[in-house]
Amino acid sequence: MLEKTFDAANVEPRLYQEWEKSGAFNAGAGKKDGQDNFCIVIPPPNVTGSLHMGHALNNTLQDIMIRYHRMQGKDVLWQPGMDHAGIATQMVVERQLAENNEPGRRDMGREKFLERVWQWKGESGGTIFNQLRRLGASADWSRERFTMDEGLSKAVQKVFIELYNEGLIYKDKRLVNWDPHFLTAISDLEVEQKEMNGHMWNLSYPIEGIEGRTITVSTTRPETMLGDTAVIVHPEDERYRDLIGKNVILPLVERKIPIIADDYVDLETGTGAMKVTPAHDFNDFDIGKRHDLPMINIMTREANIWLKDNEDFLQGLDMSEELQSTINALDGVERFKARKLIVAMFEEKGLLAGIDDHVNMTPHGDRSGVIIEPYLTDQWFVDAQTLAKPAIASVKEGRTNFVPKNWEKTYFEWMENIQPWCISRQLWWGHQIPAWYGPDEKVFVAATQSEAAEQAKAHYGEAVELIRDEDVLDTWFSSALWPFSTLGWPDKTPELERYYQTDVLVTGFDIIFFWVARMMMMSLHFMKEEPFHTVYVHALVRDEKGAKMSKSKGNVIDPLDLVDEYGADAVRFTLAAMAAQGRDIKLATSRVAGYRNFGTKLWNATRFTQMNGCARAEGFDPNSVKETVNRWIVTELAKTAKDVSEAIETYRFNDAANGLYRFVWNLYCDWYIELTKPVLQAEGESEAKTETQACVAWVLDQICVLLHPFMPFITEELWAETGKTGPAREGLLILGQWPSYDIDDTGAADDINWLVDIITAIRSVRSEMNIPPSTQLKLEIVGASDQTQSRLQAQDAVIKRLARADEIKLSSDVPQGSAQVVVGEATIALPLAGVIDLDAEKARLEKEIDKISKVAAKFEAKLGNERFVANAPVEIVQDQKAKLAEQQALKAKVQEALGRILAAL
RNA sequence: GGGUGAUUAGCUCAGCUGGUCAGAGCAUCUCGUUUACACCGAGAGGGUCGGGAGUUCGAAUCUCUCAUCACCCACCA
């Protein structure tokens with residue numbers, strides 16, 4: 001006999017071990033008779049990561065599909081693995097070094113530092129996978145991969161070399177987003193624009209040769225004026241037309257820079273004159289290119305002002321004492337301090353024309369949080385525009401589909417405007433770029449140094465010393481290869497052959513650009529086939545009030561805390577039930593508690609079966625059950641199974657979960673079990689009892705199967721429990737067989753619906769009339785049709801039990817002073833003269849009539865509308881007519897009942 | 001500046017391709033310990049589906065518009 005509740009904390013780890021030991025997670029485990037494959041690659045979490053709600057949702061949905069398809073008998077692979085997370089990991093290890101007062105990364109040197117990172121990875125990396133295990137994730141852990149594994153690194157190298165040879169990867173000197181904290185370039189995607197309150201400074205630049213005349217430019221970044229190389233005005237601008245072609249004397253540095261015309265300038269904005277700093281602003285960079293302006297970088301990598309020994313800056317300057325002192329004052333100063341100093345200097349010279357408040361979008365590094373500096377450096381880029389073309393076509397032509405579909409628009413929007421992807425990072429942890437430089441900076445890209453040396457020898461005609469590029473690749477470069485690199489590419493492995501193309505990618509919308517788009521590009525280029533046919537994009541998990549969960553807000557719900565409190569099944573079921581497409585999930589823990597209760601409900605239903613001898617029967621055939629109630633429940637089960645399967649296959653996980661919830665609680669527990677009690681608890685043996693016992697057990701079995709993808713632990717446990725009696729069971733539920741039935745008995749459904757109606761109606765009256773549960777009623781049925789009479793006879797015991805009546809008889813008249821309920825054509829009288837309040841009964845019936853009238857009025861209005869009758873489809877009109885007639889008949893009956901009460905009053 | 005998604009019972013949300021679609025769960029109220037379950041059972045109250053206009057015989061469901069909120073993208077000094 002089972003305990004009263006399911007002890008998740010104890011059972012879950014045990015069952016998880018059993019599953020793992022059984023090999024059920026391994027690819028091929030569920031395979032039966034050479035059926036289909038099903039493959040999902042996990043979105044690789046950061047090696048530094050720990051489980052948050054987003055992961056919990058993401059992996060729950062994946063596991064539901066994986067378990068579902070496994071039970072379908074497919075050869076299933078859920079490919080797990082982790083991402084090396086360049087910046088994040090380097091950050092963690094550097095912090096650890098600092099905490100231990102150990103030498104920093106630079107003091108340590110590259111090799112030793114990397115050793116430390118590997119050591120850290122071995123000790124603390126990948127805790128997230130143990131957390132996923134607690135959720136019940138049935139990934140094939142034996143195939144776990146890491147983006148820095150030898151195999152995956154080989155794939156990265158091959159991809160880099162091939163793209164380079166095809167001209168799709170190139171090195172370029174241009175402005176990049178520079179993170180002055182981590183001292184590395186980052187891609188556009190790793191930049192977050194944040195609104196900041198700042199100022200707009202108006203700076204006046206004197207015109208060369210025109211005493212007393214200045215031109216005023218507006219800027220949000222005065223410190224960059226040190227690197228100005230032009231002022232531009234609009235060619236049509238009357239105010240400045242005479243100045244075009246002249247020079248300004250750049251204040252402080254006394255550099256002569258030209259005033260040129262460029263229609264980039266907006267006549268309406270600011271003063272209509274713009275300073276141009278090509279080395280520190282993306283727009284200015286383009287303008288500089290257009291006009292072939294010098295690009296003067298005036299900052300160090302740390303974003304401090306750099307003037308001394310800065311050749312580009314010093315070139316062409318006349319070193320005066322004043323300039324020297326300006327340089328002394330500014331050199332090495334942090335950029336925002338320098339800003340203040342420079343503004344003050346302008347003010348002192350009388351060249352500060354004004355300061356306005358200004359709100360501007362400021363770029364921040366998503367990891368470091370510091371303000372990004374547009375910075376002129378040599379970096380490696382991927383020609384994303386070229387790679388994007390087939391990736392766009394693929395989605396346009398439906399070879400890969402987004403669910404929900406509206407994400408395709410976002411995807412197109414981004415892909416069609418894609419910029420070169422900066423892939424080099426000035427970090428150590430990552431895939432070092434396979435490029436070597438000769439004496440004249442000539443690049444040799446090759447898999448190994450010796451290959452590079454050969455190339456160099458061929459080029460120079462002699463052996464030369466080569467220096468390897470220090471940089472590593474963007475982490476997302478390796479993630480982009482995930483669907484094929486994890487399967488063994490570039491080797492032609494059986495897994496690659498078998499599981500590629502994978503099926504579904506499950507992901508949050510926040511990484512569509514980072515990851516999905518790039519997988520599409522790389523996979524199409526190297527595999528010539530889409531990485532997956534479907535991208536299921538799920539929502540963000542927010543807190544109860546809809547706010548994004550974040551540490552700083554302190555509203556983070558830790559999924560493991562929820563698992564501790566309510567069990568993994570409850571957490572999973574909650575997430576599935578709330579995963580309606582296209583909506584964020586606002587997680588309320590009350591929901592989790594509710595679904596924990598759902599598990600308990602099922603648990604106790606199983607206890608009920610045990611107490612009532614409902615053991616599984618050998619060769620039970622749901623198609624041949626005879627009892628109405630049994631025919632009804634198997635019909636409902638068949639419907640539910642069909643709905644759930646369909647919902648899972650169309651990614652409507654909430655519909656699947658809710659369908660199961662409804663069936664288990666509202667049909668199986670609330671009605672089926674109650675309806676079977678009279679038979680099950682009757683003395684002695686009967687065919688009906690034997691059949692019902694078997695049927696109750698069988699449906700419970702099927703519930704476990706259908707619920708297993710959602711609530712794997714409790715169902716597995718119950719499966720084991722119910723396996724202890726009846727015919728021996730083979731194996732674990734995880735490898736059970738997903739059902740589909742062809743059962744549909746509408747007659748039984750009608751009978752039971754009638755039964756439910758009559759019981760509900762009587763209960764309702766009892767409750768409203770305050771008839772205590774202990775009072776046994778005598779029911780008198782008036783006007784019953786033949787069908788109703790036979791139903792009454794068949795269901796006599798059940799009605800008596802559930803409506804709490806000790807006698808049911810047919811009558812020709814309603815006894816005076818009875819409470820009355822109308823069910824179909826029959827009126828059920830509850831003879832309670834003297835017990836009930838007739839005024840209350842009168843009010844109740846009046847209210848009932850009112851309600852019916854309202855419904856009837858709707859149909860009347862429709863049918864009274866000539867145009868409706870003329871235009872609506874015939875079936876609809878017929879349907880509405882029938883419904884109206886039904887309501888009218890009902891109303892007449894209730895009115896009769898009311899008449900009797902009025903007479904009695 | 002461009003784009004997307006919201007707005008349905010007190011709360012959190014379902015409602016697909018227009019015709020009982022006005023629903024669920026929590027919360028509330030009443031009653032209940034009948035041996036599966038109080039993490040329970042029975043019953044009840046509660047919304048003119050954000051405002052307005054339109055299409056249609058018929059709209060929560062389609063179109064437009066306004067309002068409010070959220071998010072994403074963007075180099076306007």
Side-chain angles (χ1 to χ4, degrees), chain A residues 2 4-6 175 193 200 217-221 232 264-266 269-277 281-286 358 360-361 363 374 406-407 409-410 413-414 417 509-510 512-513 540 542 544-548 566 570 577-578 580-588 590-591 593-612 650 652 654-655 658 661-662 666 669-670 673-674 677 681 759-760 763-768 770-774 801-802 804 855 858-859 861-862 865-873 875-877 879-880 883 887:
Chain A
L2 291 168
K4 274 202 173 186
T5 54
F6 172 59
L175 280 193
Q193 302 287 344
M200 179 83 85
V217 296
S218 304
T219 181
T220 53
R221 304 201 51 202
I232 58 171
Y264 173 80
V265 179
D266 179 3
T269 307
T271 60
M274 256 183 82
K275 67 193 269 305
V276 181
T277 321
D281 182 283
F282 287 100
N283 292 317
D284 294 11
F285 180 80
D286 292 339
H358 187 256
N360 52 337
M361 294 300 275
N406 48 308
W407 287 109
K409 191 165 179 179
T410 307
E413 199 61 38
W414 191 71
N417 297 300
F509 61 80
D510 49 334
I512 290 178
F513 304 146
L540 232 54
R542 299 168 174 281
E544 213 162 339
K545 298 187 189 87
K548 208 167 171 172
Y566 302 106
M578 296 186 85
Q581 286 179 12
R583 264 255 211 195
D584 282 348
I585 294 179
K586 290 181 205 162
L587 187 71
S590 61
R591 286 292 285 269
Y595 291 122
R596 185 269 324 265
N597 297 353
F598 174 59
T600 308
K601 186 75 182 173
L602 177 64
W603 187 262
N604 279 293
T606 308
R607 292 184 80 222
F608 172 84
T609 64
Q610 292 184 328
M611 291 174 185
N612 288 277
T650 52
R652 291 177 290 111
N654 58 323
D655 287 343
N658 290 330
Y661 185 92
R662 213 186 205 82
N666 302 121
C669 292
D670 285 351
I673 285 184
E674 293 305 324
K677 277 180 181 173
Q681 293 171 358
I759 292 167
T760 305
R763 281 173 171 173
S764 180
V765 178
R766 291 187 65 120
S767 174
E768 283 189 50
N770 292 320
I771 300 163
S774 51
R801 178 170 180 137
L802 299 188
R804 308 196 61 71
V855 178
K858 262 208 236 161
F859 297 125
K862 265 194 191 174
N865 183 343
E866 279 175 37
R867 289 179 305 173
F868 169 71
V869 180
N871 292 315
E875 315 88 76
I876 298 285
V877 176
D879 181 59
Q880 305 277 301
K883 280 171 181 162
Q887 293 298 317

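A, B, ... follow the sequence lines: proteins, then strands. Residue 1 opens every chain.
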task = Answer yes or no: is there a donor N or O on one side and an acceptor on the other, between the side chain of A:Arg596 and the main chain of A:Tyr566, under 3.5 Å?
result = no
message = Between A:Arg766 (side chain only) and A:Arg804 (backbone N and O only), is there a donor and an acceptor less than 3.5 Å apart?
response = yes
task = Return the set of residues passing side-chain contact (heavy atoms from CB on, under 4.5 Å) with A:Thr760 (not counting sequence neighbours), or none when no residue passes.
result = A:Trp671, A:Val756
key: From B:C57, B:A14, B:U12, nucleotide with atom closest to A:Asn654 side chain   = B:A14
task = For each nucleotide in nucleotides 19-35 of chain B, reading 5' to 3', give B when a protein heavy atom comes within less than 4.0 Å of its base, S when such contact involves only the sugar-phosphate, and - otherwise.
result = BB-S---S-----S-B-
ask   = If you take atom types as modelled and just measure distance, does the side chain of A:Lys4 reach the base of B:C37 with a donor-acceptor pair under 3.5 Å?
value = no
ask   = Between A:Arg763 (CZ) and B:G43 (P), how many Å, whole number?
value = 5 Å
remark   = Contacts of A:Thr5 meeting side-chain contact (heavy atoms from CB on, under 4.5 Å) (sequence neighbours excluded), chain-then-number -> A:Thr600
key: Pairing residues for A:Asp510 by the salt bridge (Lys or Arg N to Asp or Glu O under 4.0 Å) criterion, not counting sequence neighbours   = none
note = The residue, A:Phe608 or A:Glu768, whose nearest nucleotide of RNA chain B is more 5′ is A:Phe608
ask   = What do the steps show when you test A:Tyr661 against A:Tyr595 for ring pair (Phe, Tyr, Trp, His ring centres under 6.0 Å), and what is the final call?
value = CA-CA 9 Å; A:Tyr661 185 92; A:Tyr595 291 122; 5.5 Å; yes
message = Distance check needed: B:A14 P versus A:Asp655 CG, whole Å only.
response = 10 Å
task = Could you tell me whether A:Thr650 contacts a base, only the sugar-phosphate backbone, or nothing, with contacts defined as non-hydrogen atoms closer than 4.0 Å?
result = nothing
task = With sequence neighbours left out, write down each residue that passes salt bridge (Lys or Arg N to Asp or Glu O under 4.0 Å) with A:Glu674, or none if nothing qualifies.
result = A:Lys677
task = Measure the distance from CZ on A:Arg652 to C1' on B:C16 and round it to the nearest whole Å.
result = 7 Å
request  = Look at the side chain of A:Arg607 against the base of B:C37 and say whether a donor-acceptor pair falls under 3.5 Å; ignore hydrogens and angles.
outcome  = no
ask   = Partners of A:Thr609 by side chain to side chain donor-acceptor pair (under 3.5 Å), sequence neighbours excluded?
value = none
request  = For B:A24 and B:A38, measure between their P atoms and round to the nearest Å.
outcome  = 25 Å
query = salt bridge (Lys or Arg N to Asp or Glu O under 4.0 Å) with A:Lys862: which residues, sequence neighbours excluded?
reply = none
task = Considering only atom C1', compute the distance from B:U17 to B:C76 and round it to an integer number of Å.
result = 44 Å
request  = For A:Asp281, enumerate each residue passing the side-chain contact (heavy atoms from CB on, under 4.5 Å) test, keeping only those at least two apart in sequence or located in another chain.
outcome  = A:Asn283, A:Asp284
ask   = Mind checking whether A:Phe6 and A:Trp603 have parallel, tilted or perpendicular rings, split at 30° and 60°?
value = tilted
message = Give me the distance, rounded to whole Å, that separates B:A60 from B:G51 when you measure between the P atoms they each carry.
response = 11 Å
For A:Arg763, salt bridge (Lys or Arg N to Asp or Glu O under 4.0 Å) partners two or more places apart = none
note = Per-residue pairing states of RNA chain B in dot-bracket (Watson-Crick or G-U under 3.5 Å; . unpaired, | other strand) read (((((((..((((.....[...)))).(((((.......))))).....(((((..]....))))))))))))....
request  = Taking atom P in both B:G23 and B:A44, compute the distance separating them and give it to the nearest angstrom.
outcome  = 13 Å
key: Whole angstrom value for the distance that separates P of B:C40 from CG of A:Leu602   = 14 Å
inquiry  = Rounded to whole Å, how long is the line connecting atom CD of A:Glu875 with atom P of B:G18?
reply    = 15 Å
ask   = With distance as the sole criterion, do the side chain of A:Glu674 and the base of B:A42 form a donor-acceptor contact below 3.5 Å?
value = no
key: Separation between the P atoms of B:C26 and B:U65, rounded to whole Å   = 41 Å
message = Whole angstroms only, please: what is the CG-P distance between A:Asn604 and B:G41?
response = 10 Å
query = What pairs with A:Asp266 under side-chain contact (heavy atoms from CB on, under 4.5 Å), at least two apart in sequence or on another chain?
reply = A:Glu268, A:Thr269
request  = Can you tell me, in whole Å, how much space there is between the C1' of B:G54 and that of B:G10?
outcome  = 34 Å
key: Separation of B:A36 C1' from A:Lys601 NZ (nearest whole Å)   = 8 Å
Pull out every protein N or O sitting under 3.5 Å from an N or O of nucleotides 74-77 of chain B, one pair per line with the distance.
from	atom 1	to	atom 2	distance (Å)
B:C75	O2'	A:Asn283	ND2	2.5
B:C75	N1	A:Asn283	OD1	3.0
B:C75	O2	A:Asn283	OD1	2.1
B:C75	O2	A:Asn283	ND2	3.3
B:C76	N3	A:Asp266	OD2	3.4
B:C76	N4	A:Asp266	OD2	3.0
B:A77	O2'	A:Ser218	O	2.5
B:A77	N6	A:Asp266	O	2.8
B:A77	N6	A:Thr269	O	2.5
B:A77	N1	A:Asp266	N	3.2

request  = Mind calculating the distance between CG (A:Asn406) and P (B:C72) to the nearest angstrom?
outcome  = 16 Å
key: Atom P, compared across B:C72 and B:G15: separation rounded to whole Å   = 24 Å
task = Quote, to the nearest angstrom, the P distance that separates B:G32 from B:C71.
result = 49 Å
task = Would you kindly compare A:Thr606 and A:Ser764 by the position of their nearest RNA chain B nucleotide and give the one closer to the 5′ end?
result = A:Thr606
